[in-house]
Amino acid sequence: MISAPTQNASNGTNLRASTQTGQASYTIRSGDTLGALAQRFGTDISTLAQANGIANPNRIFVGDTIAIPQGSTRFHTVSRGDTLHVIARNAGLSVREVLEANPNIRNPDRIYPGDRIALPAGSITTETPNPQTTLSTRSVEPPTSVTSVSETSFNGDTLSLTQADINNIKRTLQTEWVPSAGEGQARGIIDTILNRTASGRWGDTVSEVVNARYQFSDINGPVSWRDGRTSVEQIPMAQVTGRVDRLVDSYLAQRANGQPSSIGSHLNYANPHYSDARNLSWINRLDGPVLGRGDAIHRHGTVPELNRHRPGEFSVGLPDSAPIGVPHNQPH
């Protein structure tokens, strides 16, 4: 569920390795705290502060670049062409060491673009795929037309998605959608994610949008924290059901073929039946579509302070790998 709309956070993927020092660095984004960064990179506040000469751990600034001490856990985002063997080799690790650090990977031959893989202490990796290797992926029907997309972009008319964006929409929908509530609810969730990405208010990629703190409760909120999860990339693609996988492909294909958003340009939704009483005042004022059934409903709308961030009409562009021809399922 999307909760109070005033929070914002980084997606935790702005990590890079310095070719001069061999040490990873991270550029601070809105919503970051030193405590959260220390937890994310497998270190502690004191070590992180000392390594960067930070006198007051409660005062860090957006845009500053901090060094991530050696011995901290680093992450690799899977790209098309990656295999676990190549990722491990590039990081100076064995496949066994990588698997031990990622118990969620049940089959080392089945990793997917967008998956986020932890690399144990002392390793550095770049995120350049090896074109000579192949990646096991689920088959998709061939596209009838394609838009080549290498990175998320929004030019004011078209929101161009990457395969990683699409996978993160699937992961998020897996946690947010109640299938018994109907596919209309699912489409509303997808459109909210697309609208937020187009708005730029929470970030420029789907990852940044859904990883924003306190926004999607089972991605980076109290529900996910109980499971030790703070990002969508920590949800294995293997947990995405076939129904969710097909529904996202189907609906994005329809959006790419010109179907308008099911919720207009709205940016918020919440279920009043499962929300904290303190949030009901803004939830009950949402005046957009109500999607779902029974207690599993989402009230859509936009809180007043976010109205200026609502995007105009835009189309959706899909990457070469995404099916944008005949959808899997027509909406009911």
Side-chain angles (χ1 to χ4, degrees), residues 1-13 29-33 36 39-40 104 114-116 152 159 161 164-179 181 185-237 239-241 244-245 247-248 251-252 261-263 266-276 278-279 282-283 286 288 291-292 296-303 306 309 311:
M1 180 187 70
I2 294 182
S3 55
T6 57
Q7 302 290 335
N8 192 11
S10 104
N11 71 334
T13 61
R29 295 185 176 180
S30 177
D32 283 339
T33 66
Q39 182 181 26
R40 182 181 305 158
N104 57 313
D115 282 352
R116 191 163 178 254
T152 314
L159 175 64
L161 301 176
D165 290 327
I166 295 171
N167 287 348
N168 286 334
I169 290 172
K170 292 176 179 179
R171 291 179 172 110
T172 306
L173 189 65
Q174 186 68 44
T175 72
E176 290 282 303
W177 179 40
V178 179
Q185 183 190 74
R187 291 191 289 272
I189 294 168
I190 295 170
D191 283 330
T192 300
I193 296 170
L194 296 177
N195 286 348
R196 285 190 166 208
T197 306
S199 80
R201 168 63 174 77
W202 291 266
D204 298 323
T205 67
V206 171
S207 176
E208 291 175 330
V209 166
V210 300
N211 283 337
R213 191 174 171 87
Y214 286 114
Q215 297 303 301
F216 294 84
S217 58
D218 206 8
I219 299 296
N220 189 6
V223 176
S224 68
W225 298 338
R226 289 196 291 268
D227 295 330
R229 185 172 61 254
T230 57
S231 76
V232 71
E233 288 86 359
Q234 292 172 289
I235 299 173
M237 282 300 293
Q239 290 184 7
V240 175
T241 66
V244 167
D245 184 70
L247 191 153
V248 171
Y251 187 57
L252 289 179
S261 166
S262 65
I263 58 167
H266 285 305
L267 298 172
N268 300 104
Y269 72 78
N271 186 335
H273 299 292
Y274 295 96
S275 297
D276 189 293
R278 292 172 295 181
N279 290 323
W282 69 264
I283 292 173
L286 297 177
L291 303 176
I297 63 168
H298 286 161
R299 294 185 64 92
H300 288 263
T302 304
V303 295
L306 293 179
H309 295 287

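Quantities reported herein were computed from a predicted structural model and do not represent experimental measurements. Worth knowing before you read on, the calculation uses all heavy atoms, side chains too, and leaves out hydrogens, waters and symmetry mates.
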task: Starting from the C-alpha separation in whole Å, work towards a yes-or-no answer on side chain to side chain contact (heavy atoms under 4.5 Å, CB included) for Leu286 and Val303.
output: CA-CA 7 Å; Leu286 297 177; Val303 295; 4.3 Å; yes
task: Determine, step by step, whether Arg171 and Gln239 satisfy the side chain to side chain donor-acceptor pair (under 3.5 Å) criterion, reporting the C-alpha distance in whole Å, the side-chain angles of both residues, the deciding distance to 0.1 Å, and the verdict.
output: CA-CA 8 Å; Arg171 291 179 172 110; Gln239 290 184 7; over 6 Å; no
message: Let's go through Glu233 and Asn211 carefully: what are the C-alpha distance in whole Å and the side-chain angles of both, what is the deciding distance for side chain to side chain donor-acceptor pair (under 3.5 Å) to 0.1 Å, and is it a yes or a no?
response: CA-CA 9 Å; Glu233 288 86 359; Asn211 283 337; 3.1 Å; yes
- request: Apply side chain to side chain contact (heavy atoms under 4.5 Å, CB included) to Asn195 and Ile263, showing your working.
  value: CA-CA 9 Å; Asn195 286 348; Ile263 58 167; 3.8 Å; yes
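Counting heavy atoms from C-beta on, the side chains of Ser207 and Thr152 never come closer than 4.5 Å. Using a 4.5 Å heavy-atom threshold, the side chains of Asn167 and Val232 count as separate. Using a 4.5 Å heavy-atom threshold, the side chains of Gln185 and Trp177 count as touching. For the pair Ile193/Val210, a side-chain contact is recorded, criterion being any heavy-atom separation below 4.5 Å from C-beta on. Within the 4.5 Å cutoff, no side-chain heavy atoms of Val223 are placed close to those of Arg229. Residues Ile219 and Ser224 fail the side-chain proximity criterion, which asks for heavy atoms closer than 4.5 Å. Contact of the Arg201 side chain with the Leu267 side chain is not registered, since no non-hydrogen atoms from C-beta on lie closer than 4.5 Å. Under the 4.5 Å side-chain criterion, counting only non-hydrogen atoms from C-beta, Ile169 is in contact with Leu194.
Under the rule for a salt bridge (charged side-chain N to carboxylate O under 4.0 Å, His left out), Asp165 has no partner lying at least two apart in sequence or in another chain.
Note that CG of Leu306 and OG of Ser199 are 8.0 Å apart. Values are rounded to the nearest 0.5 Å. Here the straight-line distance linking atom CD of Gln215 with atom OG1 of Thr172 works out to 12.5 Å at 0.5 Å rounding. The structure places NZ of Lys170 at 3.5 Å from CG of Asp245, a figure rounded to the nearest 0.5 Å. With values rounded to the nearest 0.5 angstrom, Glu176 atom CD is found 5.5 Å from Ser217 atom OG. Annotation: the span from Trp282 atom CH2 to Thr302 atom OG1 amounts to 10.5 Å, rounded to 0.5 Å. Taking CG of Leu173 as the reference point, atom CZ of Phe216 lies at 10.5 Å (rounded to 0.5 Å).
Contact between Ala296 and Ala181 at its shortest, heavy atoms only, is O-CB, 3.4 Å. What you find for Gly292 and Ile297 is that their closest heavy atoms are C-CG2, 3.9 Å. Here the closest non-hydrogen pair linking Gln234 and Gly228 is NE2-O, 3.8 Å. The two residues Ile190 and Val248 make their nearest non-hydrogen contact at CD1-CG2, 4.1 Å. Contact detail for Gly288 and His266: the closest heavy-atom pair is CA-NE2, 3.8 Å. Between Gln174 and Thr241, the closest heavy-atom pair is OE1-N, 3.0 Å.
Under the 30°/60° scheme for interplanar angles, the aromatic rings of Tyr269 and His300 are found to be tilted.
Taking the six-membered ring where the residue is Trp, the centroids of Tyr214 and Trp225 are separated by under 6.0 Å.
At least one donor-acceptor pair closer than 3.5 Å links the side chain of Asp191 to the backbone N or O of Ser262.
No side-chain N or O of Thr230 forms a donor-acceptor pair with one of Asn220 less than 3.5 Å apart.
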